[in-house]
A.B. asks: 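Please find one structure pasted underneath; my questions will follow.
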Amino acid sequence: MLQIANIRKNAADLASRLAIRGLDGSALIAQVLEMDEKNRARRTEMETLQSKGNQLTAQIGEMYKSGQREAGDALKITSAEIKEQLKSLEADVEEGDHAMTQLLLTIPNTPAIEVPKGKTPDENIEIFQWGSKPDLSAQSIPHWELTTKFDIIDFELGVKLTGAGFPVYKGKGAIFQRALIQFFLNEAGKAGYMEVQPPLLVNADSGYGTGQLPDKEGQMYHCGVDDLYLIPTAEVPITNLYRDVILNEAQLPIKNAGYTPCFRREAGSYGAHVRGLNRLHQFDKVEIVQIVKPESSYAVLEDMSNYVQGLLQKLGLHYRLLLLCGGDMGFTSAKTYDMEVWSGAQEKWLECSSVSNFETFQTNRLKCRYRNAEGKTELAHSLNGSALALPRIVAALLENNQTPKGIKVPDVLVPYTGFEWID
RNA sequence: GGUGAGGUGGGUGAGUGGCUUAAACCACCAGUUUGCUAAACUGACGAACGGGAAACUGUUCCGGGGGUUCGAAUCCCCCCCUCACCGCCA
């Protein structure tokens, strides 16, 4: 959610940034400012009256104490009148504030100035590609056939136990999965991220804190009896660690990493593009999160992007880096890089990571602040990224590394798997 | 699940209707002293929002919501949460 104080101060700038998303930024901002002016006038009126009432109350107290009971009783009448007036004024102010919050909730984050204009994924900018397409024989097969061939991931069994989108990893498939998680966590640790193991169920407050609620309620699994939500990403519990917190400047930057399973209902997604590991209801992911000072957040975004790319490079995966256009970015993001890996047998790019700077959009909701050099509290900036989401990485590795002999495990993973071939 | 005790500033924790402008201590911050650090001493020190060029000033906030009252951290009602013990159990 955008900050009203910031909108007041930087109206023109924010309006032009909203236009990057293809919105009429000027109209939106003008609407906010007009409502804000009304709200403030009413607030001033209310507070003046409250102040008057408070003075009166003190006077009445004095009079009673000094024995002027009758004079005090006379003032009570005025006091009652003020109270009556206040009732409707207070209701007006509350209504105005509520309307403002509702309006602000509908406005997405303002893109960074360098974000390209555009509305669809076609308008994203491919910054570069790394590596090259694997040289596969004509008989290369998609990963959902490889998993059956080598009996490492069983989609049918998952259907029996739970339903579609909940695969069972078996034997070397399970070990391979665990090796990747371990590899990602160790790399994150080396890069200075503190590992956390958060709860996999969160309450509604946490859902609101990072913005999954109320907008994406249907995307999360909900445990009705206890009113808890299964996390769709570790971003939710990890970022919420810093909800309602005032940090010291010295504590920044905060760098956390965590592995969790992620649960997504993905209601309405069916068909060929969700085959195999391409889209699941439960999947594993290592997430990195940073809470930083505003002035450093864009440099940190580059760091995080480079870090994620480093992982892909160590795995030897052909990938491309995209700068998302305004219209394709998430509601809460100010700037997002996507990493897509090449899937050799499907012959298409698969999104495997998304790294975003949210500026103060999340921290405003979370009330995550820090005390700056002048001792003032100020909203911190939050960022996060997948580092990495497993299924599509697994899909790409299986497909790209297939040989007549079996699937070659990347060298960096061998210390974690204990085997060099899936065969 | 049963019983009991609690929720007050960054933390511990006082506060039974107006003298609370929330005590005291700790932490943090600044200064003094001191080779450095530490200790000691002195001072400042909650948050959000509004008004003001600024100095400054107003309002709200003691888990959440409602009520009583001229006046509520304090009294009443409802809800949420935490802790302790018991029961069950990895």
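We name chains A, B, ... by the order of the sequence lines, and we start the count at 1 in each one.
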A.B. asks: Suppose you measure atom C1' in B/C28 against the same atom in B/G10; what distance do you get, rounded to whole Å?
C.D. replies: 8 Å

A.B. asks: Are A/Glu359 and A/Arg17 ion-paired here, with the side-chain N under 4.0 Å from a carboxylate O?
C.D. replies: yes

A.B. asks: Taking the C1' atom in each of B/U59 and B/U21, what is the distance between them to the nearest angstrom?
C.D. replies: 14 Å

A.B. asks: How far, in whole Å, is B/U68 from B/C78 if one measures between their C1' atoms?
C.D. replies: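 15 Å, rounded to whole Å.
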
A.B. asks: Are A/Tyr193 and A/Tyr307 near enough that their ring centres are under 6.0 Å apart?
C.D. replies: yes

A.B. asks: Does the pair A/Asp244/A/Lys367 count as a salt bridge with the N-to-O cut at 4.0 Å?
C.D. replies: no

A.B. asks: Should A/Glu45 and A/Arg42 count as an ion pair when the cut-off is N to O under 4.0 Å?
C.D. replies: no

A.B. asks: Measuring from the side chain of A/Gln50 (C-beta onward, heavy atoms only), which nucleotide among B/G58, B/A47, B/U60 has the closest atom?
C.D. replies: B/U60

A.B. asks: Between B/G51, B/C49, B/G71, which one does the side chain of A/Arg40 approach most closely?
C.D. replies: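 The listed nucleotide nearest to A/Arg40's side chain is B/G51.
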
A.B. asks: Does OP1 or OP2 of B/G71 have a side-chain N or O of A/Lys83 closer than 4.0 Å?
C.D. replies: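 Checking A/Lys83 against B/G71: at least one side-chain N or O falls below 4.0 Å of OP1 or OP2.
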
A.B. asks: So does A/Asn54 get a side-chain nitrogen or oxygen closer than 4.0 Å to the phosphate oxygens (OP1/OP2) of B/U60?
C.D. replies: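 Affirmative; the distance criterion is met.
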
A.B. asks: Considering every strand and a 4.0 Å limit on heavy-atom distances, what is the contact class for A/Ser51: base, sugar-phosphate, or nothing?
C.D. replies: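 Sugar-phosphate, backbone atoms only, no base.
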
A.B. asks: Look at the side-chain N and O atoms of A/Arg8 and state whether any lies under 4.0 Å from the OP1 or OP2 oxygen of B/G50.
C.D. replies: yes

A.B. asks: Which sits closer to the 5' end of RNA chain B, A/Lys76 or A/Arg43, going by the nucleotide each is nearest to?
C.D. replies: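 Its nearest nucleotide lies further toward 5', so the answer is A/Arg43.
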
A.B. asks: Sticking with atom C1', work out how far B/U69 lies from B/A48, rounded to a whole angstrom.
C.D. replies: 27 Å

A.B. asks: How is A/Asn248 classified with respect to the nucleic acid when contacts are heavy atoms under 4.0 Å: base, sugar-phosphate, or nothing?
C.D. replies: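 No contact at all - A/Asn248 keeps every heavy atom at 4.0 Å or more from the nucleic acid.
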
A.B. asks: In whole angstroms, how far is the C1' atom of B/C70 from the OH atom of A/Tyr64?
C.D. replies: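 One finds 6 Å between C1' of B/C70 and OH of A/Tyr64, rounded.
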
A.B. asks: Excluding sequence neighbours, so at least two apart, what forms side chain to side chain donor-acceptor pair (under 3.5 Å) with A/Asn357?
C.D. replies: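 With neighbours one apart ignored, the set is A/Ser297.
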
A.B. asks: Rounding to the closest angstrom, what is the interatomic distance between B/G71 and B/G4 at atom C1'?
C.D. replies: 34 Å

A.B. asks: Taking the side chain of A/Thr44 as its heavy atoms from C-beta onward, which of B/G50, B/G18, B/U60 lies nearest to it?
C.D. replies: B/G50

A.B. asks: Rounding to the closest angstrom, what is the interatomic distance between B/G17 and B/U32 at atom C1'?
C.D. replies: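 Per the computed distance, 45 Å lies between those C1' atoms.
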
A.B. asks: Determine the interatomic distance between P on B/G7 and the same-named atom on B/C75; round to the nearest Å.
C.D. replies: 11 Å

A.B. asks: Identify whether any heavy atom of A/Thr377 sits under 4.0 Å from a base atom; if not, whether one sits that close to sugar-phosphate; answer base, sugar-phosphate or nothing.
C.D. replies: sugar-phosphate

